[in-house]
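In this text, all values refer to a predicted model and were calculated from it rather than measured experimentally. Quick note on labels: first sequence line is chain A, next is B, and so on, each numbered from 1.
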Amino acid sequence: MSSTLPSSSVLRFKLPLPLWGLMGGLGLWWLFTTPLWHTDPIVADFSPERTIAALVQLFSHGVIFPHITTSLRRVFVGLFAALVIGVPLGVLLGLSRPLEQATSALFQFIRMISPLSWMPLAVMALGIGDLPVYFLLTVAAIWPFILNTSAGVVAVNPRWLLLSRSLCATRWETISQVIIPAIVPHLLTGMRLAIGIIWIVLVPAEMLGVSAGLGYYILDTRDRLAYSELMAVILIIGLIGYGLDSVLRFAYQRWTHQG
Amino acid sequence: MNQPLTTSSTDNPLQATSIPLLAVQNLQKRYKTRQGTLTAFDGIDLQVQTGEVVCLLGASGCGKSSLLATIAGLQSADRGEVYLQGRSVRQSQPQVGVVFQDPCLLPWLTVAQNIAFGLKLKHMPSLTRPELRSRIAAAIDQVGLQGFEQSYPHQLSGGMAQRAALARTLARRPQLLLLDEPFSALDAITRLDMQTLLLRIIAQQQTTVLMVTHDIDEALLLGDRVVLMARHPGRIYQEWQITQPKPRLAHSLTETRCAILDALSTVMTLPT
Ligand SMILES: Nc1ncnc2c1ncn2[C@@H]1O[C@H](COP(=O)(O)OP(=O)(O)OP(=O)(O)O)[C@@H](O)[C@H]1O
Ligand SMILES: [Mg+2]
């Protein structure tokens with residue numbers, strides 16, 4: 001077995017493989033931007049050295065915190081709204097074959113429209129401020145919930161439904177106590193996809209008519225020509241996104257191991 | 001339509017005077033398949049008296065499971081009626097408990113929670129917390145699963161899981177137990193264990209049982225009456241009343257055993 005693994009020599013460096021990729025990325029970034037040999041001051045502003053310095057400053061002055069909390073609040077409001085609308089809808093679609101067939105074309109159609117296309121409409125209908133952002137995020141995140149929930153409901157073990165019937169459970173008891181717990185892994189997958197999409201849509205959505213949030217702050221740094229800060233914000237966005245995804249991946253593993 | 005009285009029930013004056021707990025009248029079930037309709041069983045007349053244990057024997061595919069599921073109200077009959085204490089029923093009833101061949105435990109609930117699940121449903125009489133707890137404890141005691149209340153189904157062996165399933169059904173105190181080959185997935189020793197357990201529970205609670213099995217010894221060990229089904233379509237072919245008191249010794253019923261085996265081999269060669 002072990003003789004078939006020539007790559008095992010790599011493991012001797014005691015660095016986990018994902019870290020190697022990260023180091024490689026960092027190396028490339030540094031190579032293309034470092035002030036050591038890039039004389040263009042704008043390019044040098046994007047370098048890891050200056051970005052790290054800007055990052056430290058952003059945190060030590062605390063300027064970034066209100067933007068992070070604002071963005072996270074929007075993420076959770078959007079996610080929650082998508083969950084509250086998407087999951088019941090998904091359950092309904094999973095339970096009713098005719099309903100699923102009636103709506104599938106419509107949903108596939110709407111799903112393929114980038115949520116950002118709704119931006120002008122959202123601003124016209126909901127005005128300027130948090131509301132259109134919430135709307136866009138909800139629209140973006142609702143599909144993974146609907147699709148994963150309905151797929152989960154369809155895949156529920158028919159034996160459990162038979163059991164539920166043999167115990168004279170009402171329809172609602174079957175849904176709440178058999179179907180919903182049974183689709184938790186599907187829900188967590190949906191949630192993970194939803195957060196991924198929300199986090200991507202958030203930044204452009206915040207570039208319109210709001211005065212706080214990470215997306216807003218990116219435009220702000222650009223306007224101030226503070227490029228190292230811009231890079232720092234990009235880094236923060238990546239870090240938070242990665243963190244959110246990791247938490248959900250962990251939750252998924254915990255649940256499926258136990259179940 | 002004539003009353004579906006079996007010859008054996010007239011032998012017993014006590015049974016003849018009371019309404020049977022379960023009466024099945026001219027029951028028929030057909031499945032629509034791609035090859036056309038398949039009659040799973042037809043013209044089934046069966047009565048089960050209170051306190052009686054009836055074992056349903058038959059070759060594979062003769063419609064035993066279908067019959068049990070139809071009696072349990074899990075699927076509709078195409079003709080005929082099922083009466084529970086003289087009342088016609090078409091849906092699953094709280095006073096009927098079903099145990100399947102597989103334990104069917106919900107994997108995200110512990111053993112105790114699985115039992116509680118069956119007790120807390122709206123159709124069951126509502127229980128206070130202490131009542132609920134004592135019911136669960138009693139059911140767990142009954143099946144000998146003490147110490148595994150907080151275990152999850154994947155932590156149980158096949159026999160233990162089936163005990164938990166039995167406890168879930170027993171905790172609801174059903175008047176009629178419908179068992180579909182509940183022990184056939186278990187190894188011989190565990191099966192014997194479970195049969196003894198069931199025998200004790202039946203004696204303790206005076207439960208009425210209709211049990212599907214294809215193990216003749218199991219039928220002889222547990223049944224007051226053994227009903228043999230023939231297939232294509234599934235129908236009742238012959239039945240035997242077993243009067244010997246329980247617990248029985250397997251070798252003491254050789255005569256009935258041979259008779260059943262004889263009938264079984266005849267049934268297998270019947271033209272369809
Ligand atoms: N849902 C269904 N749809 C179509 N045909 C079915 C269905 N369920 C059972 N059948 C058919 O009905 C017949 C009786 O099946 P059933 O499961 O009742 O037999 P059984 O006596 O329980 O057999 P076994 O001893 O193998 O469990 C079989 O021929 C089977 O193929
Ligand atoms: Mg069967």
Side-chain angles (χ1 to χ4, degrees), chain A residues 83 87-88 90-91 94-98 101 145 148-192 247-259, chain B residues 65-66 68-76 84 89-110 113-125 150-155 161 164-165 168-174 176-180 182 185:
Chain A
L83 183 118
V87 170
V91 170
L95 288 176
S96 160
R97 189 108 185 93
Q101 283 171 339
F145 278 119
N148 276 282
T149 308
S150 62
V153 171
V154 171
V156 168
N157 188 341
R159 304 289 306 163
W160 298 341
L161 300 179
L162 191 71
L163 168 81
S164 175
R165 224 140 48 81
S166 82
L167 294 175
C168 308
T170 60
R171 195 150 182 76
W172 171 243
E173 282 168 337
T174 305
I175 292 175
S176 64
Q177 296 184 48
V178 178
I179 293 179
I180 297 283
I183 62 171
V184 166
H186 279 87
L187 276 182
L188 287 174
T189 304
M191 176 99 84
R192 206 178 143 199
V247 169
L248 278 169
R249 208 170 40 206
F250 179 74
Y252 182 85
Q253 277 167 2
R254 279 300 294 270
W255 181 268
T256 44
H257 279 188
Q258 187 212 310
Chain B
S65 297
S66 303
L68 207 73
T70 312
I71 292 174
L74 298 174
Q75 58 185 23
S76 58
L84 211 59
V89 293
R90 282 157 196 275
Q91 276 177 346
S92 53
Q93 300 293 316
Q95 68 265 38
V96 176
V98 188
V99 178
F100 303 102
Q101 186 171 353
D102 58 325
C104 244
L105 299 171
L106 299 176
W108 55 87
L109 300 179
T110 62
Q113 288 168 337
N114 263 291
I115 298 172
F117 170 67
L119 288 173
K120 288 197 289 200
L121 297 172
K122 210 180 105 220
H123 282 298
M124 295 301 291
Q150 303 312 319
S151 302
Y152 282 92
H154 72 273
Q155 299 169 316
R168 174 179 57 200
T169 303
L170 290 174
R172 288 162 62 96
R173 311 230 170 112
L176 174 64
L177 259 182
L178 300 177
L179 311 175
D180 189 357

Considering heavy atoms only, which positions within residues 148-160 of chain A lie below 4.5 Å of chain B?
A:R159, A:W160
Least distance between heavy atoms, B:S92 atom then A:R165 atom
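Nearest heavy atoms, B:S92 then A:R165: OG-O, 2.7 Å.
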Specify the closest pair of heavy atoms between B:P94 and A:C168, including all atoms of both residues, with the distance to one decimal.
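In this case the closest contact between B:P94 and A:C168 is N-SG, 3.3 Å.
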Would you mind reporting whether A:S166 and B:L74 have side-chain heavy atoms less than 4.5 Å apart?
yes
So, taking the atom named [atom1] in [X] and the one named [atom2] in [Y], what distance separates them when rounded to the nearest 0.5 Å?
{"X": "B:H123", "Y": "A:E173", "atom1": "NE2", "atom2": "CD", "answer": "7.0 Å"}
{"X": "A:L162", "Y": "B:Q75", "atom1": "CG", "atom2": "CD", "answer": "9.0 Å"}
{"X": "B:F117", "Y": "A:L163", "atom1": "CZ", "atom2": "CG", "answer": "6.0 Å"}

Counting only non-hydrogen atoms closer than 4.5 Å, does A:V178 touch chain B with its backbone (N, CA, C, O), its side chain (CB onward), both, or neither?
both
Which residues share a side-chain hydrogen bond (donor to acceptor under 3.5 Å, both in side chains) with [X], sequence neighbours left out:
{"X": "B:Q155", "result": "none"}
{"X": "B:R172", "result": "none"}
{"X": "A:R249", "result": "none"}

Could you look at B:L109 and say if it's the side chain, the backbone, both or neither that has a heavy atom under 4.5 Å from chain A?
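When you check distances to chain A, no heavy atom of B:L109 falls under 4.5 Å.
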Under a 4.5 Å heavy-atom cutoff, which of B:L178, B:L106, B:T169 has the most pairs with chain A?
B:L106
Which of the residues B:M124, B:Q91, B:R168 is involved in the greatest number of heavy-atom pairs with chain A at under 4.5 angstrom?
B:R168
